[in-house]
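Only one structure is covered here, and it is reproduced in the block below.
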Amino acid sequence: MSFFKKRKEADENIALLRRLDKRGITSFVQRDPKTYRETIIGRAGAFSVADDELIISCGNQILFRHPLKEIKAGELMNLSGICLNVGDERYIAYYTDGSLGKKK
């Protein structure tokens, strides 16, 4: 893979994460990579992007905070949420209003 392709993928990943700013979350879960079981961490929250960090808060608590460049993200196939990979940890945040393609 060339340097330019990696750079483009990183830029697209960061752009996807930035579009999440102020978006609502119905639930935020952690997925076990071995068993694929999901544990609910929080409900009724929101994404925030500040100082090149993605922040997820639910009920006045910050549950997730990582620099954008350390997160690999991908939307779920049905566009109902996003999978966030940080090292070996996997998280899924389910959107309150459907896919990113919808206009506000």
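Positions are given from 1 along the sequence.
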### Query
Please walk me through it: do R18 and D52 pass salt bridge (Lys or Arg N to Asp or Glu O under 4.0 Å)?
CA-CA 9 Å; R18 286 191 184 282; D52 290 326; 2.2 Å; yes
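The pair D88-K34 fails the salt-bridge criterion, with no side-chain N (NZ, NE, NH1 or NH2) lying under 4.0 Å from an Asp/Glu carboxylate O.
Across all non-hydrogen atoms, the minimal contact from A46 to I25 is C-CD1, 3.8 Å. For the residue pair I56 and F28, the shortest heavy atom distance occurs at CD1-CE1, 3.4 Å. The shortest non-hydrogen separation linking G45 to C58 is CA-SG, 3.7 Å. For the pair F47 and A93, the tightest heavy-atom approach, listed with the atom from each and the gap, is CZ-CB, 3.5 Å. When all heavy atoms of L84 and A73 are compared, the pair lying nearest together is CD2-CB, 4.0 Å.
Under the 4.5 Å side-chain contact rule for hydrophobic residues, I41 and I55 do not share a cluster.
Within the 4.5 Å cutoff, no side-chain heavy atoms of H66 are placed close to those of E53. Residues L54 and D21 are not in side-chain contact: their nearest non-hydrogen atoms beyond the backbone lie 4.5 Å or more apart. In this structure, F64 and Q30 have side chains that are not in contact, with every pair of non-hydrogen atoms separated by 4.5 Å or more.
The main-chain N or O of I71 is found under 3.5 Å from a side-chain atom of N13 such that the two form a donor-acceptor pair.
The distance from the CD1 atom of I82 to the CZ atom of R19 is 8.5 Å, given to the nearest 0.5 Å. Residue C83 holds its SG atom at 12.0 Å from NZ of K72, rounded to the nearest 0.5 Å. In this structure, the separation between CG on L20 and CG on L68 is 9.5 Å, given to the nearest 0.5 Å.
The hydrophobic cluster containing Y94 also includes V29, I40, L76, I92, under a criterion of side-chain heavy atoms closer than 4.5 Å among ILVMFWY residues, counted directly or through chains of members.
No hydrogens or angles considered: nothing links the side chains of E38 and Y91 as a donor-acceptor pair under 3.5 Å.
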